[in-house]
Structures are given as structure tokens and as C-alpha cells.
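As the structure is a computational prediction, the values presented were derived from the model and not from experiment. Read the numbers this way: they start at 1 and go in the same order the structure lists the ligands and their atoms. Because only heavy atoms are used, hydrogens play no part in the values below, and waters and symmetry mates are left out as well, while side chains stay in.
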Amino acid sequence: MVTYFKEIATAAINTFKGLGVTLRYLFKPAVTVQYPAEKLVPFERFRGALLFDAETCIACNLCVKACPSSCIALENATNEAKKKIAKVAWYSIDFGKCNFCRLCEEACPTKPKAVWHSLDYELVFENRDEMVRLWKKNFDFVGMFFDRKSKEYKKPAGQIPIQTVAARR
Ligand code: SF4
Ligand code: SF4
């Protein structure tokens, strides 16, 4: 009988202890965010989706050599105007192979960087085509992908807006 009441008392004490913890946190500010309605901005050094600027790139190939995953490819544009600084005809990164190591960004000699990690962490791919991001002159920093079914360039869907251009070094 004594054990029975002891157990009831212990259970009651533990319940009040639990409620005490709940009560303590009830008046503290929330640390969780209501994702996806609310989104946190990562730290400046965060390595999100790579962005590329075809206007800044001098087609030096340093990022291609630095990449340990061999996921960058580019082709030099024909320098018809005989300008000293070369430009790219196209530039591509295969996100299916990329390990987000930042070596390409570090190797890039331009100021600001022609290739750089954004703060975008919501990369979603529905097929292999979407993983191969392509840039040409007049494409924006996010780039396009080539859809082999419809045989046309398409904008990648599901990537958050570029909140990152300011973070470009
Ligand atoms: S982040 Fe690393 S793996 Fe990805 S493209 Fe750059 S160098 Fe290659
Ligand atoms: S992105 Fe930078 S490192 Fe790569 S080819 Fe262009 S200028 Fe050179």
C-alpha cells in the first residue's frame, strides 16, 4: 500500500517538474523558425549553390584545374575584337558531382569573383539535366539548364532569390 502511494507521489512530482520546464520556456523567445514561410540567412562563409558571372570571367581555366571533382567545363569565346581579356562562350558546373569545396572560388583571380558560392541552400533537382547548370553571355548569375526533352534552356526552379550578390568577394 505504501509503495502504491509512493509511486503516485513520485509521478505527481515528475509531472509538476515537467510542467515547470514547459512554463519556463513558455515566456522565452522562440528559437525555431517557421520554415519554409520563414527562412534563415546563413553565415557569410556558407557554401551554397555556385553562381557565375560570364561578364567577369576571363576564361583562365584556373577553376577547372582547381576543381577536385572535374565538374567544371568551359569554352573560350572567339576573340574577334582582338581584346586582351578573353571571355567565355559557355561555362558549366555539374552540381551532381560538386562537393561544395570552394576551391574554384578560391582559385578564381578576378575581382569580384566570377564564380562564387551563394547563400542559397534550397537546391532541388528533379532530373540529371537540372544538375548541369550552364551559363552564357546574358544569362543571369543563377544560370540555366538544358532540357534534353524539349531541347531548350530552362530556368532552374525552386532556388531561393539571390540574396547573395552582396556577399560576392
Ligand atoms: S565547389 Fe569544389 S567541387 Fe564544386 S565546382 Fe567548385 S571546386 Fe569543383
Ligand atoms: S571563373 Fe574565374 S577561375 Fe574560372 S575561368 Fe573564369 S576567371 Fe578563370
Tell me which protein heavy atom sits closest to [atom], plus the residue, atom name and distance to 0.1 Å.
atom	result
atom 1 (S) of ligand 1	C101 N, 3.2 Å
atom 5 (S) of ligand 1	C71 SG, 3.4 Å
atom 6 (Fe) of ligand 2	C57 SG, 2.3 Å
atom 7 (S) of ligand 2	I58 N, 3.4 Å

Residue part near ligand 1, for [X], under 4.0 Å between non-hydrogen atoms:
X	value
C63	neither
V115	neither
C98	both

### Task
For atom OH of Y35, decide whether the heavy atoms of other residues, nucleotides or ligands shown that lie under 6.0 angstrom number more than 12.
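Above 12, so yes.
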
### Message
Heavy atom to atom 8 (Fe) of ligand 2, shortest distance: which of A59, C60, C67, C104 holds it?
### Response
C60

### Task
Quick one: do R128 and D94 satisfy side-chain contact (heavy atoms from CB on, under 4.5 Å)? Show the steps, please.
CA-CA 9 Å; R128 275 289 307 169; D94 187 344; 3.0 Å; yes

### Query
What atoms of ligand 1 come closer than 4.0 angstrom to any heavy atom of P68?
7 (S)

#### Entry: Per-atom contacts, ligand 1 versus F100 - under 4.0 Å to a heavy atom
1 (S), 4 (Fe)

### Query
Does P109 reach ligand 2, in the sense of a heavy atom lying below 4.0 Å from it?
yes

### Task
Report the part of L74 (side chain from C-beta onward, or backbone N, CA, C, O) that has a heavy atom under 4.0 Å from ligand 2; answer both or neither where that applies.
side chain

### Task
Indicate, as side chain, backbone, both or neither, the part of T110 found under 4.0 angstrom from ligand 2 when only non-hydrogen atoms are considered.
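Near ligand 2, T110 shows its side chain, while the N, CA, C and O stay back.
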
### Task
Please state whether H117 comes within less than 4.0 angstrom of ligand 1, counting heavy atoms only.
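Yes, H117 has heavy atoms under 4.0 Å from ligand 1.
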
### Query
Would you say C108 has an N, O or S atom lying under 2.8 Å from atom 2 (Fe) of ligand 2?
yes

